[in-house]
Amino acid sequence: MTVVEPRRIGTLRVPSGLLAVSGPDIDHGDGPHITVPVPPGEYVLEEAQARHTYHCEWEGREVTRTDTMAVSVLVSEAPAVSWEMALGSDDDPRLFIENEIAGFDTDGATGCFADAGAWEPLLALFERGLIQEDPDLDPDVYEDISDSMYFLRTRDQASGGELAAFATTGDGSYPVWVGRSEASEVVGVVVLVEGMPELLPEGRATAGA
């Protein structure tokens, strides 16, 4: 397996200084699942990819493919020296059983990064554009993204805050990891959207692992 350089997809504006990470398809009016304080600003959206070779039974031969393993918000160029799992407001790690994870839930194989300060209007634009397919949406507040796990971005004109939705590989719960610098400052927020391929001898891998 070969790790490919991260792809920079675009940017995300978080003027409130509170980054939301959540499933936009599951909302009960209680806000995003997870929030991470960051300095107010505009941050790079990235995809982390891996190239691996596996035996494709359908084609009857070995094939090589490049898959997105994770999506992230790059908060700083400083290196991360530690990683921690982000917790929701109701998560208590003392009650976790072995190998239990915290994260956001999705019933539509969808997650998002967003400005938590504009969560409700951003979510309303997401629903109008993706679910209701409203043809009257202003292109300044709704943008399709192609050739990426990220597939749309919405923008709240009042605050300037944005939401970037991305595809996961299925329904369920997805952990959110926060990278910190030596000074304990947030340098990145990562969501794993695909399991790592299972390595075989000679560097090969199986698909879908």
Just jot down the side chain to side chain contact (heavy atoms under 4.5 Å, CB included) partners of A158, sequence neighbours excluded, or say none.
-> D156
Do M85 and V176 have side-chain heavy atoms sitting under 4.5 Å apart?
-> no
Donor-acceptor pair, side chain of Y150 and main chain of E46, under 3.5 angstrom | yes
Is there a donor-acceptor pair closer than 3.5 Å between any side-chain N or O of D144 and the backbone N or O of L152?
-> no
Side chains of D147 and R7: closer than 4.5 Å at any heavy-atom pair?
-> yes
Crowding at CD, E182 (>12 non-hydrogen neighbours, <6.0 Å) = no
Within a strict 4.5 Å, meaning less than it, do heavy atoms of the T154 and P121 side chains meet?
-> no
At their closest point, which heavy atom of L12 faces which heavy atom of A164, and how far apart are they?
-> CD1-N, 3.8 Å
Quick one: are F113 and V191 in side-chain contact, heavy atoms under 4.5 Å?
-> yes
Do V189 and L45 belong together in a cluster built from hydrophobic side chains that touch within less than 4.5 Å?
-> yes
Considering only heavy atoms from C-beta outward, does the side chain of L19 approach that of Y43 to under 4.5 Å?
-> no
Between T106 and G108, is there a donor-acceptor pair closer than 3.5 Å when you use the side chain of the first and the backbone of the second?
-> yes
Side chain of S22, backbone of H33: donor and acceptor closer than 3.5 Å?
-> yes
Report yes if some heavy atom in the side chain of L74 is under 4.5 Å from a heavy atom in the side chain of R8; otherwise report no.
-> yes
Give a yes or no on whether the backbone of T11 and the side-chain of R153 come within a donor-acceptor separation of less than 3.5 Å.
-> yes
